[in-house]
Amino acid sequence: MKGNESQGLRTWAEISIAALRHNAAALQAHASSGARLWAVVKADAYGHGVEIVVPALNGLADGFAVANLAEASQVRALAPEAPVLIMGPALPSERAEIARCAFLPAISSQEEAAGYAACAGVHPVAVHLAIDTGMGRIGVWEDNALATFKTIAAMRGVEITGVCSHFPVADDDATFTRNQSERFGALVEVLREKERFTGSVHIANSAGVLGFTSSFADCYRAGLALYGVSPLAEYQSLLRPVMCWKTCVILVRDFETGRGVSYGRTFIAPKQMRVATLAVGYADGYRRHLSGRNAWVLIGDRRCPVLGRVTMDQIMVDVSDCPEVEVGAEAVLLGSQGSEEITASALAELAGTIPWDTFTGIGRRVTRLSVDVGNAPALREQRARLK
Ligand SMILES: *Cc1c(COP(=O)(O)O)cnc(C)c1O
């Protein structure tokens with residue numbers, strides 16, 4: 001229980017390399033045979049730490065997908081050989097660097113294509129043309145896709161090496177998604193037959209690859225599932241959670257009946273209680289929305305309810321039933337301990353949000369540590385090095 005005390009860490013997230021690799025392999029086994037994986041590692045690998053995740057998946061994933069140029073450069077430094085797809089539009093001022101580094105930008109317009117063409121060196125700049133088939137975010141509208149494709153294909157200095165789209169409701173509207181997938185598939189067929197397009201095709205996110213088949217696509221972009229959370233509950237058993245987010249007890253005190261806990265005094269001790277103060281707050285990503293929502297943490301393999309409001313740097317939990325709890329004890333905020341588990345989906349739901357938001361909201365104060373399941377010595381060593 002006092003394992004972490006001597007190591008000087010207060011709040012940290014243990015990232016299982018073995019689970020990450022398991023999930024990548026599970027997705028590959030589940031996807032249409034031969035489909036390639038773009039591992040989505042935007043937003044610091046969904047808060048898991050890009051420096052841990054990219055090396056762990058290098059070689060297993062066929063490439064890495066990110067949101068912007070800064071993230072692409074980070075990935076390049078970690079996996080110099082791997083293709084890097086930038087899924088969102090770049091600023092005009094970023095294009096020269098993207099072309100120079102041979103990152104693969106997804107573009108939405110002929111203006112962007114012309115911008116990249118102007119940055120071309122000896123070779124044309126390879127781009128993927130994003131087509132909006134229902135997401136309403138980026139891409140050329142479906143009805144203009146063929147015309148835009150033709151215009152760009154005729155430009156010098158730029159080459160369309162792929163076309164892509166995105167599912168907005170693959171996790172909750174199968175009818176829309178199937179129809180959307182068919183429309184995109186039909187469009188791809190036209191491009192292949194009429195425009196002699198031979199490039200790559202992708203549309204599926206995690207929910208898409210788990211729940212739907214798109215035989216016309218040769219790759220998919222998975223994020224959340226890699227981190228062990230299935231957007232479709234029926235596939236959860238294929239995946240293993242990757243993160244265990246922990247903090248420690250920094251104080252234990254006895255509360256007399258009638259004493260209030262935290263800002264707003266929204267919780268008043270109804271009886272004598274033991275209350276532990278933990279080294280985590282909303283500044284670390286433990287959402288303030290978890291206040292008064294019957295959230296709990298795990299200490300000593302037991303559920304300890306969060307009392308009162310979440311503050312910036314600390315939360316208070318009820319440890320009346322855990323007399324052995326002392327300063328330095330480990331508390332699990334997300335993940336498992338003993339036979340208990342707090343899933344990212346459950347924590348997100350309590351906070352009124354989604355697991356993507358919960359993961360990416362985990363703050364910079366939280367140290368990310370890579371750990372192989374059951375590999376305690378390596379973890380201890382890493383923590384000691386960090387001291
Ligand atoms: C973030 C993102 C993904 C990954 O989505 P998951 O649901 O996490 O798998 C895929 N494609 C695009 C365009 C994205 O922005």
Side-chain angles (χ1 to χ4, degrees), residues 20 23-24 26-28 30-31 35-48 50 53-54 57 61-72 75 83-90 103-108 112 127-140 142 162-174 176-177 180-181 184 200-212 214 217-236 238-239 241-243 343-345 348 353-362:
L20 262 174
N23 296 337
L27 284 174
Q28 287 295 61
H30 184 85
R36 288 171 298 140
L37 164 64
W38 286 104
V40 180
V41 294
K42 60 191 177 185
D44 199 26
Y46 288 42
H48 288 61
V50 76
V53 171
V54 167
L57 293 179
D62 298 279
F64 294 96
V66 297
N68 58 45
L69 172 58
E71 292 178 349
V75 169
V84 182
L85 171 69
I86 301 178
M87 299 184 292
F103 296 137
L104 199 49
I107 64 165
S108 305
E112 286 168 83
V127 299
H128 282 197
L129 180 64
I131 299 169
D132 196 327
T133 54
M135 175 64 192
R137 183 169 67 175
I138 68 161
V140 50
E142 189 174 2
V163 295
C164 54
S165 195
H166 191 42
F167 288 139
V169 284
D171 52 353
D172 66 11
D173 188 340
F176 184 93
T177 303
Q180 183 188 4
S181 183
F184 185 57
S200 113
V201 176
H202 46 108
I203 183 167
N205 50 5
S206 293
V209 69
L210 286 166
F212 302 84
S214 352
D218 64 334
C219 43
Y220 60 98
R221 310 175 304 265
L224 194 70
L226 283 177
Y227 307 103
V229 180
S230 174
L232 298 166
E234 60 266 45
Y235 300 104
Q236 186 55 53
L238 294 178
L239 307 172
V242 169
M243 178 189 289
T343 65
S345 306
T353 185
I354 52 175
W356 292 263
D357 185 36
T358 294
F359 281 140
T360 57
I362 296 176

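What you see is a predicted model; the values in this text were computed from it and never measured. Remember, it's 1-based here, ligands and their atoms both numbered in the order they're listed. Residue numbers run from 1 in the order of the sequence given.
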dist Y220:OH -> Q28:CD (nearest 0.5 Å) comes out at 3.5 Å

With no hydrogens and no angle check, do the side chains of H202 and R36 hold a donor and an acceptor under 3.5 Å apart? no

Salt-bridged, R137 to D132, with N to O below 4.0 Å? no

In chain-and-number order, ligand 1 lies under 4.0 Å from a heavy atom of each of V40, K42, Y46, M87, R137, H166, N205, S206, R221, A222, G223, L224, W356

Hits for side chain to side chain contact (heavy atoms under 4.5 Å, CB included) against P83, two or more places apart or cross-chain, chain-then-number order -> W38

Heavy-atom nearest pair, V201 first then D218, reads N-OD1, 2.7 Å

*asked:* Quick check against the 3.5 Å criterion: does S165 have a side-chain atom that pairs as donor or acceptor with the backbone of I203?
replied: no

